[in-house]
2 protein chains.
Amino acid sequence: MGPTKGDLQLLRGHNRGLIVDLLRHRGPMSRTKLSHLSGLAPSGLTRMVRDLLAEGLIQEQGKCCSHGGRRAVLLGFNPSYASTVGIKVERTRIRAARVDLAGKILDRVDVPLPDAPSPDGVFERIGETVEDLRRGRVLGVGVGISGLVDSSRGIDLYSPILAWRHVEVTGPLSRLLGIPAWVENDVNALTLAERLYGAGRPFRHFVCLTVGEGIGAGVVLQGELYHGAFGGAGELGHITMDPQGPLCRCGARGCLEVYASDGYLETQAHRLDFTDIACMAKAARNGCELARTTFAEMGRSLGQGAKNVVNLLNPEALVLGGERMEDADLFLPEFEHEVRRNAFPEEARDLTILSAELGADGFLIGAAALATESFFQLPLEAA
Amino acid sequence: MGPTKGDLQLLRGHNRGLIVDLLRHRGPMSRTKLSHLSGLAPSGLTRMVRDLLAEGLIQEQGKCCSHGGRRAVLLGFNPSYASTVGIKVERTRIRAARVDLAGKILDRVDVPLPDAPSPDGVFERIGETVEDLRRGRVLGVGVGISGLVDSSRGIDLYSPILAWRHVEVTGPLSRLLGIPAWVENDVNALTLAERLYGAGRPFRHFVCLTVGEGIGAGVVLQGELYHGAFGGAGELGHITMDPQGPLCRCGARGCLEVYASDGYLETQAHRLDFTDIACMAKAARNGCELARTTFAEMGRSLGQGAKNVVNLLNPEALVLGGERMEDADLFLPEFEHEVRRNAFPEEARDLTILSAELGADGFLIGAAALATESFFQLPLEAA
DNA sequence: CCGCTTTCTTCGCACTGTGAAGAAAGCGGG
DNA sequence: CCCGCTTTCTTCACAGTGCGAAGAAAGCGG
């Protein structure tokens with residue numbers, strides 16, 4: 001059971017994973033620095049690094065400037081060691097991308113979907129798409145779908161856009177493709193991407209909010225995506241703002257989504273005789289007071305909802321994404337004001353509010369990252 | 001650096017901790033069963049168990065009934081191996097208890113505190129109290145205080161009842177006592193106790209709500225207390241129920257605490273010409289409609305707040321504690337109805353709602369458990 | 001060229017994991 | 001009572017990987 005060098009194999013042992021993770025996330029560094037950061041003795045590192053170099057997972061990347069003695073050899077993670085595929089299933093199409101181990105998109109493909117597709121039909125399309133993208137060593141596939149997903153069991157519990165209920169995803173897919181498959185709620189995938197490669201990098205605890213058709217939220221706690229008991233965490237869109245408010249499509253009254261979503265903006269736009277949201281946004285930017293207050297109201301409502309999240313979870317940051325962030329200039333000031341106003345001071349003081357960095361690519365990068373992270377996951381017991 | 005047998009020492013190595021944890025939490029079992037559950041080979045277990053027996057951490061506890069072959073020897077954790085001390089600092093007194101490693105209270109002491117005590121004064125009292133309780137091997141001391149606590153740094157950030165701000169607690173205390181000290185928010189300590197020894201045992205994700213003078217919440221995610229960025233997680237009492245509601249002592253409007261706390265009940269009691277809450281509760285139980293609706297209203301408000309928690313965190317259970325649970329019969333039905341009503345069905349379906357099991361002792365048991373759990377914590381790297 | 005620093009490697013040893021083989025303990029049938 | 005069967009636990013030799021100590025390699029500066 002020795003290491004069959006050069007072969008694709010799961011990383012064995014804690015410390016091996018620890019070293020690779022340090023190189024993945026804290027950039028190139030010397031063996032000595034690795035030794036300090038990991039707490040391992042330099043002797044052990046020499047042996048481990050020799051193996052990792054032989055396997056191609058890491059590379060020597062020139063020498064560091066001298067500190068008065070022998071110059072340190074920089075070791076770097078090799079993002080081209082392998083790649084993963086990330087997929088987003090939408091109502092009418094599949095978006096897919098092959099992504100390297102550092103989160104960079106290498107190739108991409110879009111394929112259309114028929115109306116109300118069956119699970120097997122979608123899996124087949126995904127299969128073709130992945131084969132299309134397959135190049136070099138592909139470690140696995142991650143799929144993002146809107147709705148309720150139990151990612152640990154690989155099941156789509158409920159997808160409104162595809163009208164699926166309790167559909168097994170990862171089982172059939174990994175059998176079809178011959179490589180591991182993962183499935184995750186799309187906003188969670190986006191959140192993971194921002195966590196690893198985007199605005200969430202500096203934070204151990206943050207919440208990623210998406211504003212668009214609905215309101216989504218991905219929650220990162222202790223550095224990891226938090227799913228809740230069965231994948232239903234982060235239903236920010238349906239917290240109650242006003243028990244006497246208007247009816248929401250979910251059946252309750254006064255949900256946040258009623259006051260802060262594209263639906264709200266569209267309703268208001270029509271009421272104010274604008275053809276669509278874009279029109280109203282333009283007017284707002286040209287000084288139309290009514291249009292301005294519409295966006296401001298939405299910002300305020302969103303802020304009130306987010307304040308609850310801040311009070312409950314005490315995150316370090318809020319990361320805002322989603323399509324409506326195009327008009328961030330029109331509602332962000334009110335949002336921020338509301339979040340910080342009267343929030344428990346201790347909590348809100350250090351709260352950072354920033355925009356997502358990866359845009360719509362984040363969905364694909366995050367989906368691919370499901371496979372990547374699982375590959376590099378530290379094994380919990382020494383094997 | 002070999003194991004100096006019989007000596008008090010930190011548990012080294014993952015698997016050693018894993019085995020002890022299995023015996024601590026899953027009751028007595030044979031070496032063979034341990035081998036199955038841990039994934040370790042039986043040969044390794046023999047060696048490890050020999051060491052643990054020699055150290056007195058575990059014991060042989062008779063034999064199991066036969067399965068058709070040699071009868072299995074049951075191994076059990078030894079809760080008398082050592083003890084820890086749990087302390088709750090209140091406005092006028094200190095409550096303390098020595099607790100064994102299974103969460104059973106062995107001895108207890110109460111000592112009064114002067115008005116507005118200085119940190120050093122309190123530490124001195126704690127020191128005397130712990131010396132009083134010191135018997136056998138005491139692994140450490142845990143302290144629970146209401147208010148904002150940064151438990152990872154051992155600092156009381158803000159305690160309204162003691163008028164402390166940014167007071168270092170664990171540093172001075174552990175120097176004074178010569179054993180490790182921990183500090184934690186009191187409701188978090190209670191939550192930990194319920195997690196380990198009470199109603200929260202079966203759950204990996206749950207929220208413990210306390211209803212009384214204020215509303216407190218302790219959050220357990222992935223089986224562990226969640227603190228947030230700096231200990232401020234779980235501020236359920238100050239989520240906004242109604243932006244236009246009455247002013248709260250925190251400065252915001254329409255906080256949950258305004259609608260569901262002893263303060264609310266007292267106000268209503270006076271308005272209805274009852275002398276106090278107990279009186280009103282009695283009347284409610286005797287059929288007084290006005291008194292009944294007062295409690296029912298509180299239950300409904302609490303339920304609305306809790307629904308937000310359920311939507312955001314998707315826990316498996318809510319555990320309800322605090323002094324006001326004396327009157328649980330008067331508000332629990334409305335509470336439960338409201339939590340489940342219109343909550344996203346998937347989320348609420350499997351939600352369990354139950355009462356805390358440990359009562360006021362939970363604060364002490366949980367505080368002591370801070371020391372206990374830290375002693376048994378799995379080391380993250382093999383040492 | 002020599003000494004000094006820093007970086008990395010080699011070496012032997014200890015701990016703890018593994019599988020294979022065997023000893024120990026209990027059941028039940030002839 | 002003995003023998004075979006099962007299950008449980010132990011012993012043994014070996015491998016992987018951690019450690020510290022010592023030393024080699026590489027660069028700086030006089």
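Residue numbering restarts at 1 for every chain, and letters A, B, ... go by the order of the sequence lines.
What separates CE of B:M29 from P of D:dT7 is a distance of 20 Å, to the nearest Å. Between B:R50 atom CZ and D:dC12 atom C1' there is a gap of 12 Å when expressed in whole angstrom units. Put simply, CZ on B:R47 is 21 Å from P on D:dT8, counting in whole angstrom units. We find that NZ of A:K33 is positioned 17 Å from C1' of C:dC8, with the value rounded to whole Å. Regarding B:R16, its CZ atom lies at a distance of 8 Å from the P atom of C:dT16, rounded to whole Å. When the C1' atom of C:dT9 is taken as reference, atom CG of A:L75 falls 14 Å away, rounded to whole Å. Residue A:L18 contributes atom CG, which lies 14 Å from atom P of D:dT17 at whole-angstrom precision. For the pair A:D51 CG and D:dT17 P, the interatomic distance rounds to 7 Å; values are reported in whole Å.
Side-chain contact check for B:R31 versus B:V73: some heavy-atom pair is nearer than 4.5 Å.
Counting distance only, with no hydrogens placed and no angle test, the side-chain atoms of B:R70 and the base atoms of C:dA24 include a donor-acceptor pair under 3.5 Å.
Of all nucleotides listed (D:dC19, D:dT11, C:dG26), D:dC19 comes nearest to the side chain of A:A41. You'll find that the side chain of B:R71 is closest to C:dG26, out of C:dG26, C:dT18, D:dC19. Of the listed nucleotides (C:dT7, C:dT9, D:dC19), D:dC19 has the atom at the smallest distance from the side chain of A:L40.
Applying the 4.0 Å criterion to OP1 and OP2 of D:dG18, one finds that A:N15 has a side-chain N or O inside that range. Residue A:K63 places no side-chain N or O under 4.0 Å from the OP1 or OP2 atom of D:dA26.
At a threshold of 4.0 angstrom between heavy atoms, the contacts of B:T46 include nucleobase atoms, whether or not backbone atoms are also involved. Here A:T32 lies in heavy-atom contact (under 4.0 Å) with sugar-phosphate atoms only.
Looking at which nucleotide of DNA chain D each of A:M48 and B:P42 is closest to, the 5′-most match is held by B:P42. Each of A:G69 and A:L45 lies near DNA chain C, and the nucleotide nearest A:G69 is the one positioned closer to the 5' end.
A donor-acceptor contact shorter than 3.5 Å is absent between the side chain of A:Y197 and the backbone of A:L192. Counting only distance, with no hydrogens or angles, the side chain of B:D100 and the backbone of B:S83 share no donor-acceptor pair below 3.5 Å.
Within 6.0 Å of the CD atom in A:Q222, the count of heavy atoms belonging to other residues, nucleotides or ligands exceeds 12.
Across every strand in view, D:dG16 sits in a pair with C:dC15 that passes the Watson-Crick or G-U test at under 3.5 angstrom. Nucleotide D:dG29 is matched to C:dC2 when pairs are restricted to Watson-Crick or G-U wobble geometry with both distances under 3.5 angstrom.
Classification of the B:F376-B:F77 ring pair by plane angle, with boundaries at 30° and 60°, yields perpendicular.
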